[in-house]
Amino acid sequence: METAKRQKAPRGSERILYVSDPSSIARKLLPDPVREEDLRNWVDMVAASGVDLFGQEVFSMGWTTYWRSATYEYDQRPQHRRFLPLIEAGLEPLEILIDQAHRRGMRFVAGIRVNDNHAHQAREQGVGIAEFIDANPQLQLRDFPEGEYYELSDPLDFSFEEVREFTLGVIRELAARFDIDGIELCYRDYAYFPVGTGPERGPLMTDLVQKIRALLDEDEKKPILGARVFATIAECENLGLDVSEWIGARLIDYVSPQDTMYADFNLPYEPWAALTLEAECLLFPGLLPWTSFRARYRRNQSPISNDTARALAHTMYRAGADGISIYNHFVPTLWHPPFYPQAMNIFHQLRDPDRIARGERHYIFDPTWGGLTGFGADGKSSTGALNANQLRLARSPAGASGEYRFYLYEDIADTLGATLLFRGAGLSENDELEVALNGHPIPAAAIARTRPSDAPSPGGMIWEREEGERRIPCFPERGRYDFRPAPGPAFSTRWFALPAAITVCGQNTLSLTLGHSDPGAGGEAVVIDEVEVFVDPR
């Protein structure tokens with residue numbers, strides 16, 4: 001059983017890093033054409049929400065966004081044409097964003113996508129891909145594991161010096177032309193080196209990071225360098241991202257470990273905290289708008305509640321974070337209120353660990369990528385990690401047992417109380433379970449249940465079209481692809497009050513034994529893969 005060793009005070013004074021991706025704001029918030037005042041008003045929204053570091057991604061898929069270069073191709077997608085009147089009038093949108101961020105007391109971080117997996121969207125929009133990538137097929141990665149989603153990207157192979165120089169060159173130009181306060185390297189694509197060669201070729205990526213660090217250090221302003229990376233140290237290393245070395249050698253000033261799409265409550269933040277504690281590197285884990293592939297579409301893309309955001313931020317701070325990186329926040333608010341700017345007000349709470357502790361908290365542990373097979377096996381993410389935590393109880397033979405581990409950085413004795421619930425596919429209200437928490441039995445009389453079984457989840461995955469042997473996914477907001485998980489079987493929910501005496505501040509273990517299997521229930525097994533905890537502050 002893993003327990004929290006200690007809680008350190010967050011370092012520094014900057015708590016909230018807001019990352020704006022290349023296109024979401026352009027597509028859904030800014031008008032067409034964009035005026036200077038529109039950009040300044042957008043930055044004002046960010047500043048008023050309590051953000052310290054404003055990150056705008058300005059290079060992706062080999063294209064520049066929000067600025068035009070004589071060396072690098074400007075983004076050809078329709079949403080970025082709305083900036084062309086400003087640019088042609090001699091005003092770089094990037095300069096306006098930086099200037100307004102500084103006026104409002106925020107540092108500006110320019111985001112660089114180190115590879116980007118949205119090539120299929122650009123093709124669907126009829127603009128193809130960046131000329132550098134298209135004209136150099138010999139520099140592209142082609143060999144991927146099984147899984148159709150890998151075919152959606154056209155990533156470059158960073159084994160080649162030309163590719164590394166291509167990325168270094170754009171940062172060199174940004175640093176020379178614009179008054180940036182930092183660079184964020186965004187690693188969220190499927191690969192950077194040929195499959196299986198990441199660990200041996202990692203030094204090549206480290207060499208690039210070293211050169212970027214040296215480049216920034218030449219500036220008397222000393223811009224910071226951050227890295228948005230995959231959720232675990234092992235995933236990073238397997239892909240050739242030796243983030244431990246980057247931190248230990250003090251090449252980066254902050255690191256933002258996170259899943260590429262979902263806010264996972266079971267991510268191990270403590271190893272990251274241990275790495276960064278002794279180095280001058282801050283830890284800003286990522287807070288994203290959904291907890292899982294399943295929850296995203298079961299709730300019609302509705303973002304996590306403020307209670308859940310507080311719970312995730314509480315986990316991060318208690319595990320050793322110095323602040324929080326907000327990513328993809330804008331996307332679900334396209335459809336669900338409260339809309340911008342009110343939806344950003346929660347940032348004021350998330351920047352203050354004490355204020356978070358005074359609010360209600362709702363923890364959600366569910367199968368992050370469960371139900372998605374685009375990267376091969378069910379629940380597999382693009383890194384190859386299986387992110388679908390579950391406890392499986394076979395109905396035969398009798399007496400099947402299993403364990404479900406989850407992180408809960410709470411001192412239950414210091415709260416008004418907490419309730420834990422779990423639910424599982426195929427679990428009937430007539431199934432009898434023996435339940436224990438951290439090795440301590442929970443009396444059957446203390447466990448409540450729903451009757452009758454809850455309704456199954458909606459869904460159904462439908463590919464809209466095929467191009468030869470290649471299936472092209474489309475996205476629900478554009479009406480071209482139903483991206484929901486398949487419907488699941490009915491389930492029953494059980495819950496009990498968490499006893500303070502046996503609940504660990506750190507990793508907890510829920511143990512279940514199927515003592516009596518409902519003879520009328522279908523299926524070969526009960527799969528428990530959703531655990532939630534509700535905490536009421538004192």
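We number each residue from 1, following the sequence as shown. Predicted, not measured: the structure shown is a model, and the values here were computed from it.
The backbone N or O of Gly12 lies less than 3.5 Å from a partner atom in the side chain of Arg15, making a donor-acceptor pair. Judged by distance alone, with hydrogens and angles left aside, the side-chain atoms of Thr197 form no donor-acceptor pair with the main-chain N or O of Phe193 at under 3.5 Å. Without hydrogens or angle criteria, Gln125 side chain to Pro78 main chain gives no donor-acceptor distance under 3.5 Å. With hydrogens and angles ignored, the 3.5 Å screen pairs a side-chain donor or acceptor of His336 with a backbone N or O of Ser302. Side chain of Asp75 to main chain of Thr64: no donor-acceptor pair is present (N/O by atom type, distance under 3.5 Å, no hydrogens or angles). Side chain of Arg310 to backbone of Ile356: no donor-acceptor contact under 3.5 angstrom is found. At distances below 3.5 Å, not a single donor-acceptor pair connects side-chain atoms of Thr373 with backbone N or O atoms of Gly376. Listed for the Ser24 side chain is no donor-acceptor partner under 3.5 Å among the backbone atoms of Asp21. Remark: side-chain polar atoms of Asn136 are not paired, donor with acceptor, to backbone N or O of Leu139 under 3.5 angstrom.
The CE atom of Met261 sits 4.0 Å away from atom CZ of Arg296, with the distance rounded to the nearest 0.5 Å. Atoms OH and OH, from Tyr74 and Tyr66 in turn, are 8.5 Å apart once rounded to the nearest 0.5 Å. Distance CZ/Arg164 to CG/Leu156: 12.0 Å, rounded to 0.5 Å. With values rounded to the nearest 0.5 angstrom, Ser325 atom OG is found 8.5 Å from Met316 atom CE. Between Ser292 atom OG and Phe265 atom CZ the span is 11.0 Å, to the nearest 0.5 Å.
Under the rule for a ring-ring contact (aromatic ring centres under 6.0 Å, His included), the partners of Phe108 that lie at least two apart in sequence or sit in another chain are Phe54. Partners of Glu165 by side-chain contact (heavy atoms from CB on, under 4.5 Å), not counting sequence neighbours, listed by chain and number: Leu168, Arg172. Residues meeting the side-chain hydrogen bond (donor to acceptor under 3.5 Å, both in side chains) test with Arg103, sequence neighbours left out: Asp99. Qualifying side-chain hydrogen bond (donor to acceptor under 3.5 Å, both in side chains) partners for His118, counting only residues two or more places apart in sequence or in other chains: Asp116. Considering only residues two or more places apart in sequence or on other chains, Tyr150 meets the ring-ring contact (aromatic ring centres under 6.0 Å, His included) condition with Phe144, Tyr190, Phe375.
A salt bridge links Asp52 and Arg351; the closest N-O separation between the charged side-chain nitrogens and carboxylate oxygens is under 4.0 Å. Under 4.0 Å is where a charged nitrogen must lie from a carboxylate oxygen, and between Arg177 and Glu92 at least one such pair does. A salt bridge links Lys221 to Asp181: at least one charged side-chain nitrogen sits closer than 4.0 Å to a carboxylate oxygen. Salt bridge status for Asp207 with Lys211: present, with a side-chain N to carboxylate O gap under 4.0 Å. A salt bridge is absent between Arg213 and Glu218: the closest approach of a Lys/Arg side-chain nitrogen to an acidic carboxylate oxygen does not fall below 4.0 angstrom. At a threshold of 4.0 Å, the pair Glu14-Arg107 counts as salt-bridged, since one of the basic side-chain nitrogens sits closer than that to a carboxylate oxygen.
A side chain to side chain contact (heavy atoms under 4.5 Å, CB included) with Tyr407 is found for one member of Asn266, Leu267, Asp264 and no other, namely Asn266. When each of Asp44, Leu30, Leu94, Leu91 is checked for a side chain to side chain contact (heavy atoms under 4.5 Å, CB included) with Leu39, only Leu30 meets the rule.
Within a 6.0 Å sphere centred on CD of Glu88, heavy atoms belonging to other residues, nucleotides or ligands number more than 12.
For Glu184 and Tyr254, the side-chain atoms include at least one donor-acceptor pair closer than 3.5 Å. Side-chain contact check for Thr206 and Glu245: no donor-acceptor pair (N or O, by modelled atom type) lies under 3.5 Å. For the residue pair Asp189 / Ser153, a side-chain donor-acceptor distance below 3.5 Å is found, with atom types taken as modelled. Between Asp157 and Ser159, the side chains place a donor N or O and an acceptor N or O closer than 3.5 Å (distance only, hydrogens not considered).
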Do Arg142 and Gln140 pass the side-chain hydrogen bond (donor to acceptor under 3.5 Å, both in side chains) test, and can you show the C-alpha distance, the side-chain angles, and the key distance before you say yes or no?
CA-CA 6 Å; Arg142 293 300 185 191; Gln140 297 179 35; 2.6 Å; yes
Does the pair Val58 and Trp63 meet the rule for a side chain to side chain contact (heavy atoms under 4.5 Å, CB included), with working shown?
CA-CA 8 Å; Val58 298; Trp63 287 325; over 6 Å; no
Trace of the side chain to side chain contact (heavy atoms under 4.5 Å, CB included) decision for Leu53 with Tyr18
CA-CA 6 Å; Leu53 295 162; Tyr18 181 92; over 6 Å; no
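Glu57 is not listed as a side-chain neighbour of Ser23, based on a closest heavy-atom distance of 4.5 Å or more.
Nearest heavy atoms, Pro33 versus Asp38: O-OD2, 4.2 Å.
If you look at Trp369 and Tyr149, their ring centroids are not closer than 6.0 Å.
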Output a table of donor-acceptor pairs, distance under 3.5 Å, between side-chain atoms of residues 279-291 and any protein atom two or more places apart or on a different chain; print 'none' if there are none.
unit_1, atom_1, unit_2, atom_2, d
Glu280, OE2, Arg250, NH1, 3.3
Trp290, NE1, Gln301, O, 3.0
Thr291, OG1, Asp366, OD2, 2.9

